[in-house]
Amino acid sequence: GTLTAWGTIQWTNENLIFGRMLGADPHAVAIRHVYGYYLQNMKRYDEAVKNQQMVLTDVFYGNGWKDRYTAQRLLSQDPRITRMALQNQGNDDPPKIWLSTLYNQLGLSLTELGRNDEAEQRFQTGVDFYPENEIGNNWLTYYSLQRGDLQATESRARQTVKWWPKSGD
């Protein structure tokens, strides 16, 4: 009875589950990625940002992900990044789509922390990887509106409506 209760507790507490899995393999990209979503949903944004940054560091084999141009160059020159994405994304989509979602996830956490300049950079990198990235484009539209850049806002909004006809409703 006691052992069963202990075992049940171990596998119903997400922190314990993720902690044990990441303790065994701190570079388990898929697990850390899911853990980042969990932390984000629990509104633990500081921890989410750290996990999301670790995912990108592992995927890009270093800190090249931090600069949008370096990240693009690395993706085109280092086949390990594409392999890493294909191994961890859980579908057959082009890896650039999954990579853009990693940047979206980080951008959303940064936005919740009020780190808008960093968030905007991450959303921009995500859109660089996948121009039809709806979440990234919507946030970039929001940030351009916040800056009062009406020309950029209008351009992004028009592009968004063109790609997603229902998003204009």
Side-chain angles (χ1 to χ4, degrees), residues 14-144 152 155-156 159-160 162-164 167:
E14 287 85 352
N15 281 329
L16 288 174
I17 293 169
F18 286 116
R20 289 180 191 243
M21 288 189 287
L22 292 170
D25 183 1
H27 300 285
V29 170
I31 294 168
R32 188 165 298 285
H33 178 57
V34 172
Y35 188 40
Y37 273 118
Y38 166 75
L39 292 168
Q40 203 170 39
N41 289 335
M42 299 303 294
K43 301 186 183 322
R44 293 166 53 189
Y45 301 113
D46 283 319
E47 294 172 81
V49 165
K50 289 176 187 162
N51 269 274
Q52 293 154 354
Q53 290 173 335
M54 290 172 75
V55 168
L56 286 162
T57 298
D58 284 344
V59 169
F60 281 90
Y61 297 90
N63 290 322
W65 64 270
K66 293 180 178 183
D67 176 77
R68 63 191 269 211
Y69 302 110
T70 302
Q72 287 281 350
R73 181 179 49 76
L74 287 171
L75 180 61
S76 69
Q77 294 176 353
D78 190 343
R80 296 178 305 163
I81 296 169
T82 298
R83 279 196 302 274
M84 177 75 83
L86 289 170
Q87 290 169 354
N88 288 283
Q89 65 187 23
N91 58 44
D92 293 332
D93 289 342
K96 287 184 174 189
I97 296 173
W98 184 70
L99 292 170
S100 75
T101 65
L102 296 180
Y103 281 97
N104 285 348
Q105 186 180 0
L106 178 54
L108 290 169
S109 292
L110 291 165
T111 297
E112 290 293 339
L113 292 171
R115 294 164 56 181
N116 295 339
D117 290 342
E118 290 176 78
E120 186 174 7
Q121 291 172 20
R122 301 308 164 228
F123 288 124
Q124 183 60 62
T125 304
V127 168
D128 290 346
F129 278 121
Y130 182 58
E132 294 181 28
N133 172 344
E134 184 175 1
I135 292 170
N137 275 301
N138 286 339
W139 278 100
L140 291 172
T141 301
Y142 168 79
Y143 285 126
S144 63
S155 174
R156 285 199 179 279
Q159 192 63 49
T160 299
K162 177 181 161 189
W163 284 329
W164 307 282
S167 67

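Reckoned from all heavy atoms, side chains included, excluding hydrogens, waters and symmetry mates.
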**OP:** Tell me yes or no: between the side chains of Gln124 and Asp128, is some donor less than 3.5 Å from an acceptor?
**Re:**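 The criterion, which ignores hydrogens and geometry beyond distance, is satisfied for Asp128 and Gln124.
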
Point-to-point distance, once rounded to the nearest 0.5 Å, from [atom1] of [X] to [atom2] of [Y]:
| X | Y | atom1 | atom2 | answer |
| --- | --- | --- | --- | --- |
| Lys50 | Tyr35 | NZ | OH | 11.0 Å |
| Gln52 | Arg32 | CD | CZ | 11.0 Å |
| Gln72 | Asp67 | CD | CG | 10.5 Å |
| Ser155 | Leu140 | OG | CG | 11.5 Å |
| Leu75 | Arg80 | CG | CZ | 12.5 Å |
| Gln89 | Ile97 | CD | CD1 | 8.0 Å |

Any side-chain heavy atom of [X] sitting closer than 4.5 Å to one from [Y]?
| X | Y | result |
| --- | --- | --- |
| Arg115 | Tyr45 | no |
| Gln40 | Glu112 | no |
| Asn137 | Phe123 | no |
| Asn41 | Tyr38 | no |
| Met84 | Val29 | yes |

How close do [X] and [Y] get, heavy atom to heavy atom, and via which atoms?
| X | Y | result |
| --- | --- | --- |
| Thr82 | Pro95 | CG2-CG, 3.7 Å |
| Asn51 | Gly36 | CB-CA, 4.4 Å |
| Leu74 | Gly64 | CD1-CA, 3.6 Å |
| Gly107 | Ala119 | O-CB, 3.4 Å |
| Val127 | Gly136 | CG2-C, 3.7 Å |
| Asp93 | Asn91 | N-OD1, 3.0 Å |

Subject >> Plane angle bin for Tyr103 and Phe60 - parallel if under 30°, tilted between 30 and 60°, otherwise perpendicular >> reply: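 It falls in the perpendicular class, over 60°.
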
Original post:
According to the interplanar angle, ranging from 0 to 90°, do the rings of Trp139 and Tyr143 count as parallel (below 30°), tilted (30 to 60°) or perpendicular (above 60°)?
Top reply: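 The rings of Trp139 and Tyr143 sit tilted, inter-plane angle from 30° to 60°.
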
**OP:** Report the C-alpha separation of Trp98 and Asn88 in whole Å, then their side-chain angles, then the decisive distance to 0.1 Å, and conclude whether the side chain to side chain contact (heavy atoms under 4.5 Å, CB included) test is met.
**Re:** CA-CA 9 Å; Trp98 184 70; Asn88 288 283; 3.9 Å; yes

Subject >> Within 6.0 Å of CG in Asp117, more than 12 heavy atoms from elsewhere >> reply: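 Atom CG in Asp117 is not packed in, count stays at 12 or less.
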
**OP:** Show the numbers, then the answer: is there a side chain to side chain donor-acceptor pair (under 3.5 Å) between Asn116 and Glu120?
**Re:** CA-CA 6 Å; Asn116 295 339; Glu120 186 174 7; over 6 Å; no

**OP:** Would you check if the side chain of Ser144 reaches a backbone N or O of Thr141 as a donor-acceptor pair within less than 3.5 Å?
**Re:**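 At least one qualifying donor-acceptor pair exists.
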
Original post:
Of Val59, Leu99, Leu56, which is the lone residue that meets side-chain contact (heavy atoms from CB on, under 4.5 Å) with Trp65?
Top reply: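 Only one of Val59, Leu99, Leu56 forms a side-chain contact (heavy atoms from CB on, under 4.5 Å) with Trp65, namely Leu56.
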
